[in-house]
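Inspection log for the structure reproduced underneath, given as structure tokens.
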Amino acid sequence: EGKERIAAYPQEPNLYVLLGLITERASDGYLISVEAYTRALQTIGKQPYASHVYYWLGWIHERNGGNLSEEKRAYANAYLVQKKYRNIYKVAVMYEQEKSWPRFFEYMGKCKSELERLCNGNIRLDPLEIEYYCKVCLLLCIRSWQYLNDADAAIQYGEELLMFYNTHIAGDALAEFKSFYGNAYKNYQEESKNRISLRRIYETLTEAYREKGDMEKSEFYRMQY
């Protein structure tokens with residue numbers, strides 16, 4: 001049906017976007033989705049909305065283990081069109097894949113700053129913003145210890161993540177999930193919990209506190225996992 005609509009209205013980019021969205025998770029939808037997003041971008045040009053389509057194009061390449069250079073190109077274009085937090089995050093992850101650690105920490109720091117700006121401006125956060133803030137702190141904690149051997153930075157980011165997680169996800173203290181999802185909020189709250197790997201934080205904090213000589217804290221986090 002999507003292809004029929006495109007045949008009737010070939011200059012409507014939203015139809016290509018829709019075709020991409022409804023085929024991207026299908027077992028045989030990878031190439032269809034890539035072509036649909038690519039055709040949409042040819043029509044949209046450099047309008048702000050193109051940022052979303054570039055992001056989805058990068059995601060479909062990433063999900064299917066496809067063309068890595070095209071994945072990086074799509075995420076880079078999403079960032080160039082619109083410097084929002086999730087685009088900055090993906091650029092940071094691309095630098096991580098290349099083992100370009102100064103760039104990784106630079107862009108992950110930019111992503112954290114952008115999310116902090118949103119935190120300061122909103123009474124309640126979008127659950128997606130909450131998850132990204134946790135993911136950023138998680139990666140900064142683990143990589144600070146793993147690649148910089150910086151116990152202080154690892155502890156700072158790890159403790160920040162746990163405090164933020166307990167307030168905004170586990171406790172839903174500001175009713176952010178409830179206000180966004182209504183009566184079904186507990187299901188989405190559990191999904192968010194499952195997507196944030198606290199075990200990796202506990203492991204990193206165990207090692208970082210041991211390095212600092214704080215065996216009480218180290219043992220405390222070892223017991224968490």
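No donor-acceptor distance shorter than 3.5 angstrom exists from the side chain of Asn87 to the backbone of Ser51, with no hydrogens or angles considered. Within the 3.5 Å criterion, the main-chain N or O of Met94 finds no donor-acceptor partner in the side chain of Gln97. The main-chain N or O of Ala153 is never found under 3.5 Å from a side-chain atom of Ser144 such that the two would form a donor-acceptor pair. Proximity of a side-chain donor or acceptor of Ser33 to a complementary backbone N or O of Gly29 within less than 3.5 Å is not detected.
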Test salt bridge (Lys or Arg N to Asp or Glu O under 4.0 Å) applied to Glu207 and Arg210, step by step: CA-CA 5 Å; Glu207 296 174 7; Arg210 184 186 298 129; 5.6 Å; no
Candidate pair His61 and Tyr75, rule side chain to side chain donor-acceptor pair (under 3.5 Å), full reasoning: CA-CA 10 Å; His61 281 304; Tyr75 283 139; over 6 Å; no
Candidate pair Gln47 and Ile44, rule side chain to side chain contact (heavy atoms under 4.5 Å, CB included), full reasoning: CA-CA 6 Å; Gln47 298 179 53; Ile44 295 170; 4.0 Å; yes
Evaluation steps, side chain to side chain contact (heavy atoms under 4.5 Å, CB included), between Arg143 and Leu148: CA-CA 7 Å; Arg143 301 312 184 215; Leu148 302 182; over 6 Å; no
Side chain to side chain contact (heavy atoms under 4.5 Å, CB included) between Tyr165 and Ile201, intermediate numbers included: CA-CA 12 Å; Tyr165 174 92; Ile201 290 296; over 6 Å; no
Criterion salt bridge (Lys or Arg N to Asp or Glu O under 4.0 Å) on Glu131 and Lys135, from CA distance to verdict: CA-CA 6 Å; Glu131 280 195 31; Lys135 287 161 63 176; 5.7 Å; no
Test salt bridge (Lys or Arg N to Asp or Glu O under 4.0 Å) applied to Glu203 and Arg199, step by step: CA-CA 6 Å; Glu203 291 173 342; Arg199 179 186 175 91; 3.0 Å; yes
Chi angles and distances behind the salt bridge (Lys or Arg N to Asp or Glu O under 4.0 Å) call for Lys83, Glu114: CA-CA 9 Å; Lys83 293 176 175 58; Glu114 176 62 17; over 6 Å; no
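Around CD of Glu35, the count of heavy atoms belonging to other residues, nucleotides or ligands within 6.0 Å does not exceed 12. Sparse packing is recorded around CD of Glu216, with 12 or fewer heavy atoms of other residues, nucleotides or ligands lying under 6.0 Å away. Environment of NZ in Lys193: crowded, with over 12 heavy atoms of neighbouring residues, nucleotides or ligands closer than 6.0 Å. Other residues, nucleotides and ligands place no more than 12 heavy atoms under 6.0 Å from the CG atom of Asn183.
Of all the heavy atoms in Ser197 and Leu138, the pair that sits closest is O-CD1, 3.4 Å. Heavy atoms only, all atoms of each residue included: Val34 and Thr38 are closest at O-OG1, 2.7 Å. Across all non-hydrogen atoms, the minimal contact from Ala170 to Gln189 is O-NE2, 3.3 Å. In terms of heavy-atom proximity, Thr204 sits nearest to Ala154 at CG2-CB, 4.2 Å. Heavy atoms only, all atoms of each residue included: Glu96 and Leu139 are closest at OE2-CD2, 4.3 Å.
Here CZ of Arg39 is found 13.0 Å from CD of Glu12. Values are rounded to the nearest 0.5 Å. Atom NZ of residue Lys84 and atom CD of residue Glu129 lie 8.5 Å apart, to the nearest 0.5 angstrom. Within the model, atoms CG of Asp126 and CG of Leu118 stand 9.5 Å from one another, a figure rounded to the nearest 0.5 Å. Atom CE of Met215 is separated from atom NZ of Lys217 by 13.5 Å, given to the nearest 0.5 angstrom. Between atom CZ of residue Phe220 and atom CG of residue Leu205 there is a gap of 10.0 Å, rounded to the nearest 0.5 Å. The CD1 atom of Ile60 sits 12.5 Å away from atom OH of Tyr55, with the distance rounded to the nearest 0.5 Å.
If you look at Phe180 and Tyr185, their ring centroids are not closer than 6.0 Å. For Tyr132 and Tyr85, the gap between ring centers is short of 6.0 Å. Outside the 6.0 Å centre-distance limit, the rings of Tyr37 and Tyr16 are not counted as a close aromatic pair.
With a 4.5 Å cut-off on side-chain heavy atoms, Glu176 and Asp172 count as touching. Proximity of Arg63 to Glu24: side-chain heavy atoms (C-beta onward) are nowhere separated by under 4.5 Å. Side chains of Leu125 and Tyr133 form no contact here, defined as non-hydrogen atoms less than 4.5 Å apart. Under the 4.5 Å side-chain criterion, counting only non-hydrogen atoms from C-beta, Tyr54 is not in contact with Leu80. With a 4.5 Å cut-off on side-chain heavy atoms, Ile130 and Ser192 do not count as touching. Arg200 is not listed as a side-chain neighbour of Tyr225, based on a closest heavy-atom distance of 4.5 Å or more. When side chains are defined from C-beta on, Leu162 counts as touching Tyr202, because their heavy atoms get closer than 4.5 Å. In this structure, the side chains of Asp152 and Lys212 come closer than 4.5 Å at one or more pairs of heavy atoms.
Cluster annotation: Leu18 is not connected to Leu31 through the hydrophobic network of ILVMFWY side chains, with a link wherever side-chain heavy atoms come within less than 4.5 Å. Ile88 and Trp56 fall within a single hydrophobic cluster, where Ile, Leu, Val, Met, Phe, Trp and Tyr side chains are chained together by heavy-atom contacts under 4.5 Å. No path of Ile, Leu, Val, Met, Phe, Trp and Tyr side chains, each step under 4.5 Å between heavy atoms, connects Leu15 with Leu21, placing them in separate hydrophobic clusters. Hydrophobic clustering of Ile, Leu, Val, Met, Phe, Trp and Tyr side chains at less than 4.5 Å, counting indirect connections, keeps Trp59 apart from Ile32. Leu198 and Trp145 are assigned to two separate hydrophobic clusters, defined by single-linkage of ILVMFWY side chains at heavy-atom distances under 4.5 Å.
Each of Glu160, Met163, Met108, Glu159 was scored for a side chain to side chain contact (heavy atoms under 4.5 Å, CB included) with Cys137, with one residue passing: Glu160.
Trp101 and Phe104 have perpendicular rings, their planes meeting at more than 60° on a 0 to 90° scale where under 30° would count as parallel.
Cation-pi geometry between Lys110 and Tyr107 is satisfied (NZ or CZ under 6.0 Å from the ring centre, within 45° of the ring normal).
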